[in-house]
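Here the structure comes first, spelled out in structure tokens, and everything after it is commentary.
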Amino acid sequence: MIKQLRFLLASHLASKSKCPSLSELDAIYKKAISQLSVDAKEEYCQRLIRRAKYEIGEAKCNNEIQKLKQLMRSAKKELRKCGSKHIL
């Protein structure tokens with residue numbers, strides 16, 4: 001029983017930590033934005049997060065909502081990598 005609980009906890013933590021990078025999810029970021037200054041990256045990520053929040057409010061499909069939430073998590077992760085103190 002304890003081994004099963006440990007396995008479930010380890011699986012849960014592993015799945016939580018697997019957040020794809022923004023470059024993996026967003027072709028525009030990968031090809032263009034990632035080459036720009038830190039300020040430009042931060043601005044792009046902040047706009048992306050605001051847009052995703054809006055789209056989540058408008059979305060009808062749970063699958064779409066989950067994709068948007070993943071995009072937001074990746075954008076927030078990128079902001080932390082940039083050292084931003086203004087994470088939405």
Side-chain angles (χ1 to χ4, degrees):
M1 178 73 169
I2 293 176
K3 286 183 181 181
Q4 289 175 334
L5 290 174
R6 284 184 187 158
F7 174 76
L8 290 174
L9 180 59
S11 297
H12 175 71
L13 292 175
S15 68
K16 284 282 205 186
S17 66
K18 292 182 183 176
C19 182
S21 70
L22 191 54
S23 294
E24 292 176 274
L25 298 177
D26 186 343
I28 294 172
Y29 187 85
K30 181 178 182 178
K31 292 180 182 178
I33 306 299
S34 64
Q35 308 301 316
L36 299 176
S37 69
V38 171
D39 290 340
K41 290 179 192 177
E42 287 180 0
E43 186 177 326
Y44 180 84
C45 289
Q46 289 170 349
R47 279 187 283 155
L48 185 62
I49 292 166
R50 282 193 297 273
R51 177 65 187 214
K53 284 180 180 179
Y54 172 79
E55 292 291 331
I56 287 170
E58 300 291 314
K60 305 277 190 257
C61 172
N62 190 44
N63 190 32
E64 183 180 350
I65 291 170
Q66 294 308 313
K67 287 180 183 180
L68 289 164
K69 286 182 177 181
Q70 181 64 60
L71 187 62
M72 282 178 46
R73 284 191 294 272
S74 294
K76 288 178 180 182
K77 179 180 170 183
E78 191 64 32
L79 282 172
R80 284 190 294 276
K81 282 176 33 181
C82 291
S84 178
K85 294 177 181 160
H86 306 288
I87 299 175
L88 303 173

What pairs with Glu55 under salt bridge (Lys or Arg N to Asp or Glu O under 4.0 Å), at least two apart in sequence or on another chain? Arg51

Atom pair CG (Leu22) and OH (Tyr44), whose distance is rounded to the nearest 0.5 Å: 6.5 Å

Minimum heavy-atom separation for Glu42 to Gly83, with atom names? OE2-C, 4.2 Å

Using residues 27-41 as the side-chain source, report each donor-acceptor pair under 3.5 Å to any protein atom, sequence neighbours left out, with the distance given to one decimal.
{"residue": "Tyr29", "atom": "OH", "partner": "Glu78", "partner atom": "OE2", "Å": "2.8"}
{"residue": "Ser34", "atom": "OG", "partner": "Tyr29", "partner atom": "O", "Å": "3.2"}
{"residue": "Ser34", "atom": "OG", "partner": "Lys30", "partner atom": "O", "Å": "2.9"}
{"residue": "Ser37", "atom": "OG", "partner": "Ala40", "partner atom": "N", "Å": "3.2"}
{"residue": "Lys41", "atom": "NZ", "partner": "Ser34", "partner atom": "O", "Å": "3.4"}

One pair to check against side-chain contact (heavy atoms from CB on, under 4.5 Å): Leu79 and Gln46. What are the steps and the verdict? CA-CA 8 Å; Leu79 282 172; Gln46 289 170 349; 4.1 Å; yes

Taking only distance into account, with no hydrogens and no angle test, what donor-acceptor pairs under 3.5 Å do side-chain atoms of residues 67-75 form with protein atoms, sequence neighbours excluded?
{"residue": "Gln70", "atom": "OE1", "partner": "Arg73", "partner atom": "NH2", "Å": "3.0"}
{"residue": "Ser74", "atom": "OG", "partner": "Pro20", "partner atom": "O", "Å": "2.6"}
{"residue": "Ser74", "atom": "OG", "partner": "Gln70", "partner atom": "O", "Å": "3.2"}

One should read off an interatomic distance between Cys19 SG and Glu24 CD, to the nearest 0.5 angstrom, of 9.0 Å

